[in-house]
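The basis for the numbers below is simple: all heavy atoms, side chains too, and nothing from hydrogens, waters or symmetry mates. First listed ligand is number 1; within each ligand, the first listed atom is number 1.
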Amino acid sequence: MKRTLHLAVAQMGPIQKNHTRSEVVARLSELMRDAAARGARWITFPELTLTTFFPRWALEDPAEVHAYFEREMPGKETQPLFDLARKLGVGFYLGYAELDGDRQFNTSILVDRGEIIGKYRKIHIPGDAEPQEGYPIQHLEKKYFLVGDLGFPVYEAPEARIGMCICNDRRWPETYRVMGLQSVDVVMVGYNTPIAYGRRGEPAHLPFLHNHLSLQASAYQNTCWVAAAAKAGVEEGIPMIGGSCIVAPTGEIAVQALSEDDEVINYVCDLDMANGYRSNIFNFARHRRPEHYQAIVERVGAEPTSL
Ligand code: ING
């Protein structure tokens, strides 16, 4: 009997500053109903998917900043999404800004049939803590979020081992390898990727290439499925990439979103597809040589000195 898992990715179109959480939860609920109607068991939503991507601005008023954060999860406005998931019998990944006491994290949770079974706090915080002179756009996540303190956990869901990461994490091979070494079956990731942030004058096609390149390489090199959900489209005048997709352990994109708006994609994933890779070419136990990898843990930045 093949181990299959029906995954959906719910891409969100833009969320503008004046969109309320209730309006956003109504959109998320519509996507969840669509995914469940297709037979999906799990749904991946984007990063920071309850509000507009506020780290594009330098906000100084703590009350204005905290208005983008959730003090409780579920809260009054998000409870309906949990209730719907319980009714539909589905699980979901949700990205949001978490206020834990006075600590601010870029967080995602795994919720199975309305119960939180896992939490992750973003570890690779990109961008800057202060606005940068001459940048076409700002990306100030280091101003608003602490580095996550939960590691890269992998959770035993009923049908599969599921791990999470958030946006910039997907560009770092260490992210998936730590989960791969925990035999993760599915990595869920949400992202907000503005087009203009990268290298100034970067050719327009490269943000799309780099997104899929990172996801496909990581799925293949860690013999896992990757479900990636974009918040896409033009938010407050800033364009963000779409390209939501479900990637197989072969590194192939099984299905991808075609729009930059609210859109569900889904795929019935064969979780045993990875076995051929795990038993041979990527049999970590047989082939990895950590005794030669110490630089990966000992050094933070690259240095022009040999080990
Ligand atoms: N966003 C971006 C990402 O890693 C970024 C930051 C944009 C990095 C463009 C490089 C180029 O996709 C988040 N939220 O991490």
Side-chain angles (χ1 to χ4, degrees), residues 9 11-15 17 44-59 65 68-70 93-98 104-109 120-132 134-148 150 152 164-176 187-219 226-245 247 253 256-257 260:
V9 162
Q11 175 175 286
M12 281 286 278
I15 298 176
K17 188 168 185 280
T44 302
F45 288 116
E47 167 197 33
L48 295 175
T49 198
L50 297 174
T51 70
T52 196
F53 186 74
F54 65 90
R56 63 172 69 94
W57 299 309
L59 307 173
V65 172
Y68 288 103
F69 284 75
E70 312 303 315
Y93 161 116
L94 185 76
Y96 65 96
E98 177 193 11
Q104 298 173 185
F105 294 105
N106 186 338
T107 295
S108 66
I109 48 175
Y120 170 71
R121 289 167 168 165
K122 187 173 184 177
I123 285 172
H124 298 95
I125 308 292
D128 312 286
E130 294 305 325
Q132 300 299 301
Y135 272 36
I137 63 167
Q138 300 300 329
H139 196 99
L140 302 173
E141 290 193 55
K142 289 187 190 298
K143 179 181 176 66
Y144 298 110
F145 301 122
L146 293 173
V147 171
L150 302 176
F152 296 105
M164 295 181 272
C165 67
I166 299 175
C167 205
N168 195 253
D169 288 321
R170 77 192 187 285
R171 300 175 191 275
W172 299 93
E174 295 88 343
T175 299
Y176 303 83
V187 173
M188 297 185 182
V189 50
Y191 59 91
N192 288 249
T193 300
I195 286 178
Y197 179 69
R199 282 184 295 108
R200 267 158 282 185
E202 182 175 57
H205 70 282
L206 287 181
F208 301 93
L209 169 68
H210 295 157
N211 178 39
H212 285 166
L213 183 65
S214 302
L215 298 169
Q216 290 178 260
S218 304
V226 174
K231 172 127 75 59
V234 181
E235 269 194 3
E236 300 298 322
I238 305 286
M240 301 203 291
I241 67 168
S244 302
C245 58
V247 185
I253 293 177
Q256 77 175 69
E260 291 185 339

Relative to the heavy atoms of E47, which atoms of ligand 1 are at a distance of less than 4.0 Å?
14 (N)
Give the atom numbers and elements of ligand 1 that come within less than 4.0 Å of a heavy atom of C167.
1 (N), 2 (C), 3 (C), 12 (O), 13 (C), 14 (N), 15 (O)
Under a heavy-atom criterion of less than 4.0 Å, does K122 contact ligand 1?
yes
Does the residue E141 have a heavy-atom contact with ligand 1, meaning some pair of atoms that are separated by less than 4.0 Å?
yes
Can a donor-acceptor pair be found between the side chains of Y120 and D169 at a distance below 3.5 Å?
yes
Taking only residues two or more places apart in sequence or in another chain, which ones pass side chain to side chain donor-acceptor pair (under 3.5 Å) with Y191?
N211
So between N192, T193, N106, N168, whose heavy atom ends up nearest atom 1 (N) of ligand 1?
N192
Please enumerate all residues that pass side chain to side chain contact (heavy atoms under 4.5 Å, CB included) together with L213, with sequence neighbours excluded.
none
Taking the six-membered ring where the residue is Trp, are the ring centres of Y96 and F45 under 6.0 Å apart?
no
Taking the six-membered ring for Trp, are the ring centroids of F54 and Y144 within less than 6.0 Å of each other?
yes
